[in-house]
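Remember, predicted model here, so these are calculated numbers, not experimental data. We use all heavy atoms of the structure for the numbers below, so side chains are in, but hydrogens, waters and symmetry mates are not. Starting from 1, each residue takes its place in the sequence as its number.
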Amino acid sequence: MDHSGHDHSTHMDHSGHGDMHSGHPGMGEGAPRCSMNMLFTWNTENLCIVFRQWHIHSTFSLVVSLLAIVALAAGYEALREGIRQYEAWTNKRVETTPHPREQYRDDDDDDDVEQQLEDEERLAETTMPWLLGQNVAAVTKRAHAIKSVLYGIQNFYAFMIMLIFMTYNGWVMLACSLGAALGYFVFGSRTTATKETACH
């Protein structure tokens, strides 16, 4: 049976289709991927630091990120020094706050009490005039509340640096350590070099 006369023009022509994925650029491509390392590495390919948006995609972004980490770690030491100075200031403030007359014993000499109260008021007036009319309990309570807030901020800061360090990337670890050393050099001249805990 001769089929030479049949028209094959109705057959589907797939020649213009090409690769079915070629017309969809971006499917599976271009989206930033974050590599999660649980072992120490120097590799920075697809490195994300804490957040997906903090993605290392070039040498320039790596250098900028490392400098930012150094600054963050040094800033933590600056925060600690600022809290220490605030504690010293509040302790001095409590010491110079005039004490209420009720705290003195009944058998105390009235003249001595009057003289001590006058001395305390005079000291407060010359050093911290805003303390006049306040008592030790109020000043101590307010200072403790502020120190509690600062303590929470310090712990949050410390744990964030810990998360940065736990990328297990050698470059990031070195940046954290360098920033801590730089911060201690600049801000920690009056404190001991030992730390009570690993993270704060």
Residue list, ring pair (Phe, Tyr, Trp, His ring centres under 6.0 Å) with F165, at least two apart or on another chain
none
Considering residues at least two apart in sequence or located in another chain, which fulfil the ring pair (Phe, Tyr, Trp, His ring centres under 6.0 Å) criterion with F40?
W42
Looking only at heavy atoms, what is the nearest atom pair of [X] and [Y], with distance?
{"X": "I164", "Y": "I69", "value": "CG2-CD1, 3.9 Å"}
{"X": "A180", "Y": "A73", "value": "N-CB, 3.6 Å"}
{"X": "E77", "Y": "F187", "value": "O-CB, 4.0 Å"}

For F185, is the CZ atom crowded, meaning more than 12 foreign heavy atoms sit under 6.0 Å from it?
no
Are [Y] and [X] linked, directly or through intermediate hydrophobic residues, by side-chain heavy-atom contacts shorter than 4.5 Å (ILVMFWY only)?
{"X": "L182", "Y": "L174", "value": "no"}
{"X": "V50", "Y": "V64", "value": "no"}
{"X": "V172", "Y": "F60", "value": "no"}
{"X": "L67", "Y": "V186", "value": "no"}

When rounded to the nearest 0.5 angstrom, what is the spacing between [atom1] in [X] and [atom2] in [Y]?
{"X": "M166", "Y": "M38", "atom1": "CE", "atom2": "CE", "result": "6.5 Å"}
{"X": "Y157", "Y": "R80", "atom1": "OH", "atom2": "CZ", "result": "12.5 Å"}
{"X": "I49", "Y": "Q53", "atom1": "CD1", "atom2": "CD", "result": "13.0 Å"}
{"X": "L66", "Y": "L178", "atom1": "CG", "atom2": "CG", "result": "10.0 Å"}
{"X": "L47", "Y": "L62", "atom1": "CG", "atom2": "CG", "result": "7.5 Å"}
{"X": "L72", "Y": "M160", "atom1": "CG", "atom2": "CE", "result": "8.5 Å"}

Is there a donor in the side chain of W54 and an acceptor in the side chain of S65, or the other way round, less than 3.5 Å apart?
yes
All side chain to side chain contact (heavy atoms under 4.5 Å, CB included) counterparts of I83, not counting sequence neighbours
L79, E87, L150, Q154
Please check if the side chain of N37 supplies one atom and the backbone of L39 the other of a donor-acceptor pair under 3.5 Å.
no
Any sub-3.5 Å donor-acceptor pair from S61's side-chain atoms to I56's backbone N or O?
no
Residue from R33, H55, M36 passing side-chain contact (heavy atoms from CB on, under 4.5 Å) with C48:
H55
